[in-house]
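Scope of the values below: all heavy atoms of this structure, side chains included, with no hydrogens, waters or symmetry mates. Letters A, B, ... are given to chains in the order of the sequence lines, protein chains preceding strands, and every chain is numbered from 1.
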Number of protein chains: 2
Amino acid sequence: MEPGTPDHMIREDCAPRRVLALFDAKWTSMVLHVLATHLGGSARTGVLERSLPGISKKMLIQTLREMEASGLLSRHNHGTVPPAVEYAVTPLGRRFVEPIDLLYNWARANADALDALVARPKSSRR
Amino acid sequence: MEPGTPDHMIREDCAPRRVLALFDAKWTSMVLHVLATHLGGSARTGVLERSLPGISKKMLIQTLREMEASGLLSRHNHGTVPPAVEYAVTPLGRRFVEPIDLLYNWARANADALDALVARPKSSRR
DNA sequence: CCGCATCCCATGCGATACTG
DNA sequence: CAGTATCGCATGGGATGCGG
């Protein structure tokens with residue numbers, strides 16, 4: 001039981017790392033958040049695009065399809081013309097909304113801490 | 001007030017996006033978590049390395065220095081030989097431990113949902 | 001033991017243009 | 001409006017090797 005004994009190791013296949021993988025998709029959590037928390041659970045492509053300033057059409061579609069593939073979203077094509085496609089949060093997806101919103105709310109409530117992270121004017125260098 | 005009016009837009013410089021930036025560093029949150037929650041707030045480089053299986057020495061050092069630069073960690077060189085350097089979570093860094101641990105705990109408690117994400121054997125394609 | 005420098009490849013992702 | 005196809009660059013990040 002030496003001090004350096006790592007019983008606290010973050011195994012490579014542990015749950016936390018799997019969650020992080022969710023976030024390095026960069027848009028996944030935002031899509032889920034906007035869709036579930038601000039758009040009532042479902043929305044059309046265009047609405048999503050306008051809700052996420054800065055996202056490219058390519059990334060939007062790509063993200064949506066990946067999320068559909070993993071079961072976070074469902075996709076419904078109305079088959080009309082012009083096209084109307086609706087993406088909805090699945091029950092599985094809904095389970096992920098909780099931690100995401102928690103994180104987002106923390107962020108909003110702690111904007112000061114985030115500012116400190118960037119603004120390091122008078123540094124403590126060495 | 002049409003249905004598609006985006007008062008729910010996720011602005012490009014909003015707090016949530018800044019938090020996400022933290023996570024796409026890939027190791028930052030894990031370092032913070034291990035250090036604060038499992039190692040009592042500070043540890044030497046080697047201990048950290050062994051606590052994060054899969055991290056390369058390069059990424060470990062790089063992450064640690066970036067975190068020091070942004071004020072999440074402090075670095076103390078003992079000046080001995082062989083070298084002994086100790087990284088400690090700063091008060092600022094400690095503020096980020098809360099949401100990270102929240103996320104990690106959620107992950108551990110919801111491993112089943114995470115499994116579902118990957119294991120999509122019988123697909124619902126179309 | 002701690003840290004830095006290189007090389008180098010995989011990929012993320014935006015820009016743009018085209019189709020039904 | 002929804003989606004696809006290309007191109008091209010920036011960058012993340014691993015491997016390896018040197019130095020104090």
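- When all heavy atoms of Lys26(A) and Met30(A) are compared, the closest pair comes out as O-CE, 3.4 Å.
- By the salt bridge (charged side-chain N to carboxylate O under 4.0 Å, His left out) test, Arg17(A) pairs with no residue at all, sequence neighbours left out.
- Interatomic distance, CD of Glu68(B) versus OG1 of Thr63(B), reported as 13.0 Å (0.5 Å rounding).
- Listed pair Arg44(B) / dC2(C) meets the phosphate criterion, a side-chain N or O lying under 4.0 Å from OP1 or OP2.
- Applying the ring-ring contact (aromatic ring centres under 6.0 Å, His included) criterion to Tyr87(B), with sequence neighbours excluded, gives no partner residue.
- If you measure from atom NE2 of His78(B) to atom P of dC2(C), you get 11 Å, rounded to the nearest angstrom.
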Pairs: protein N or O with nucleotides 13-15 of chain C N or O, under 3.5 Å:
{"residue": "dG14(C)", "atom": "OP1", "partner": "Lys26(A)", "partner atom": "NZ", "Å": "3.3"}
{"residue": "dG14(C)", "atom": "OP2", "partner": "Ser56(A)", "partner atom": "OG", "Å": "3.0"}
{"residue": "dG14(C)", "atom": "N7", "partner": "Lys58(A)", "partner atom": "NZ", "Å": "3.4"}
{"residue": "dG14(C)", "atom": "O6", "partner": "Lys58(A)", "partner atom": "NZ", "Å": "2.4"}

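- Among all heavy-atom pairs drawn from Ser51(B) and Val34(B), the shortest one is CB-CG1, 3.7 Å.
- Projected onto DNA chain C by closest heavy-atom contact, Glu66(A) and Val85(B) fall at different nucleotides, the more 5' of which corresponds to Val85(B).
- One interatomic measurement links the two molecules: CG of Asn77(B) to P of dG3(C), which rounds to 7 Å at whole-angstrom precision.
- In the helix from dC1(C)-dG20(D) to dG20(C)-dC1(D), the end axes, each obtained as the rotation axis mapping the C1' atoms of four pairs onto the next four within a five-pair block, lie 30° apart to the nearest 10 degrees.
- By the side chain to side chain donor-acceptor pair (under 3.5 Å) test, Asp101(A) is found to be paired with His33(A), Thr37(A), residues two or more places apart in sequence or in another chain being considered.
- Checked against salt bridge (charged side-chain N to carboxylate O under 4.0 Å, His left out), Arg108(B) has no partners two or more places apart in sequence or in another chain.
- Within the structure, ring-ring contact (aromatic ring centres under 6.0 Å, His included) pairs that include any residue of residues 9-29 of chain B comprise Phe23(A)-Phe23(B) (at least two apart or interchain).
- The footprint of chain A on DNA chain D, defined by a heavy-atom cutoff below 4.0 Å, extends from dC1(D) to dT4(D).
- With a 4.5 Å cut-off on side-chain heavy atoms, Val19(B) and Leu103(A) count as touching.
- Protein atom CG of Leu48(B) is 14 Å distant from nucleotide atom C1' of dC1(C), rounded to whole Å.
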Contacts under 3.5 angstrom, residues 40-47 of chain B side chains, donor-acceptor by atom type, not counting sequence neighbours:
{"residue": "Ser42(B)", "atom": "OG", "partner": "Glu86(B)", "partner atom": "OE2", "Å": "3.1"}
{"residue": "Arg44(B)", "atom": "NH2", "partner": "Pro83(B)", "partner atom": "O", "Å": "3.2"}

Listed pairs, N/O of protein and of nucleotides 17-20 of chain C, under 3.5 Å:
none

Test Asp13(B) against Arg18(B) for salt bridge (Lys or Arg N to Asp or Glu O under 4.0 Å), laying out the working first.
-> CA-CA 7 Å; Asp13(B) 65 336; Arg18(B) 315 254 309 272; over 6 Å; no
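- In terms of the side chain to side chain donor-acceptor pair (under 3.5 Å) criterion, Arg94(A) has no residue partners (sequence neighbours excluded).
- Here Leu102(A) sits in one hydrophobic cluster together with Leu102(B); the rule is ILVMFWY side chains under 4.5 Å apart, joined directly or through other members.
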